[in-house]
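Just so it is clear: chains get the letters A, B, ... in the order the sequence lines come, proteins before strands, and each one is counted from 1. Just so we're clear, the structure is a prediction, and the values are computed from it rather than from any experiment.
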Amino acid sequence: MPTRKRYWLMKSEPNTYSYADLVRAGRTSWEGVRNYQARNLLRDEVKLGDEVLFYHSSCDPPGAVGICRVVREGYPDHTAFDEASPYYDEKSDPEKPRWYMVDVEPVRALTRTVTLEELKAQAKRLGDFALIRKGNRLSVIPVSAAQWKVILALEQARSDDT
DNA sequence: GCCAACGTTGGC
DNA sequence: GCCAACGTTGGC
């Protein structure tokens with residue numbers, strides 16, 4: 001029996017790669033994750049068919065902008081082997097890769113950006129959520145089914161309807 | 001194994 | 001551009 005679909009949130013700086021870029025491309029590999037905790041999730045936990053909130057970071061305003069789906073499970077991030085890549089890591093050996101990535105394709109853009117500010121305002125409803133924990137820097141974050149529902153309900157709510 | 005120095009993330 | 005928070009590195 002297949003395991004139940006899980007949900008994730010993954011951050012990208014829109015200057016580097018935006019949700020619109022993903023829509024244009026039709027599919028992308030989620031390359032360049034260089035953090036062990038996030039790597040472990042990509043390698044071991046993120047599964048085919050899981051759904052992902054595409055989050056724009058380091059922009060104004062930061063927030064969730066779209067949904068995508070995992071179409072390939074964790075496999076070695078080959079940009080780590082490519083000296084020309086900004087993600088090159090000489091310590092990642094093709095025989096024993098240090099970094100992993102998944103492939104995703106777009107599902108739909110959110111009708112509006114669900115901002116970090118709004119998510120923080122819903123902290124009570126969201127419960128423990130790594131995105132809004134103080135000092136959080138994780139770029140691949142687990143989202144529970146309940147949190148997923150809250151966030152998509154926020155999308156439907158008017159932004160002045162808090 | 002400790003911890004200071006350093007680099008990065010990411011909101012503001 | 002600033003800086004707090006955090007992760008990594010490397011000397012000891």
Can you tell which of B:dG10, B:dC12, C:dG7 lies closest to the side chain of A:K120? B:dC12
Shortest side-chain distance from A:S57, nucleotide among C:dT8, C:dG7, B:dG10: B:dG10
Round to a whole Å and report the spacing from CG of A:D89 to P of B:dG7. 16 Å
Please give, in whole Å, the distance from B:dG10 P to A:L131 CG? 10 Å
Closest to the side chain of A:S139, out of B:dG11, B:dG10, C:dT8, is B:dG10
Is the shortest side-chain N to carboxylate O distance from A:E155 to A:R112 below 4.0 Å? no
Using atom CD of A:Q37 as one end and atom P of C:dG7 as the other, report the distance to the nearest whole Å. 7 Å
Given A:M10 and A:L42, is the side chain to side chain contact (heavy atoms under 4.5 Å, CB included) satisfied, shown in steps? CA-CA 10 Å; A:M10 305 202 309; A:L42 291 178; 4.1 Å; yes
Which of these nucleotides, B:dG11, C:dT8, C:dA5, is closest to any side-chain atom of A:Y36? C:dT8
Measure from the side chain of A:R98, starting at C-beta and using heavy atoms only, and say which of C:dT8, C:dT9, B:dG11 lies closest. C:dT9
For salt bridge (charged side-chain N to carboxylate O under 4.0 Å, His left out), just list the numbers for A:D128 and A:R133, CA-CA rounded to whole Å, side-chain angles, deciding distance to a tenth of an Å, and then say yes or no. CA-CA 8 Å; A:D128 187 33; A:R133 278 208 289 263; 2.7 Å; yes
Specify the separation, in whole Å, of atom OH of A:Y87 and atom P of B:dT8. 13 Å
Does the side chain of A:Y55 get closer than 4.0 angstrom to OP1 or OP2 of B:dG11 through an N or O atom? yes
Counting side-chain heavy atoms from CB outward, which of C:dG7, B:dG10, B:dC12 is closest to A:N35? C:dG7
When the distance from CE of A:M10 to P of B:dG10 is rounded to whole Å, what number comes out? 13 Å
To the nearest Å, how far apart are A:N15 CG and B:dG10 P? 13 Å
Might you confirm whether atom CD of A:E45 has over 12 heavy atoms from other residues, nucleotides or ligands at distances under 6.0 Å? yes
Out of C:dT9, C:dT8, B:dG10, whichever nucleotide has its closest atom nearest the side chain of A:K91: C:dT9
Where does the angle between the aromatic ring planes of A:H78 and A:Y75 fall among parallel (under 30°), tilted (30 to 60°) and perpendicular (over 60°)? tilted
Provide, to the nearest angstrom, the distance between the CG atom belonging to A:L138 and the P atom belonging to C:dT8. 11 Å
As a test of reading the structure: which of B:dG10, C:dG7, B:dG11 is closest to the side chain of A:K11, going by heavy atoms? B:dG10
Rounded off to whole Å, could you give me the NZ-to-C1' distance for the A:K134 and B:dG11 pair? 12 Å
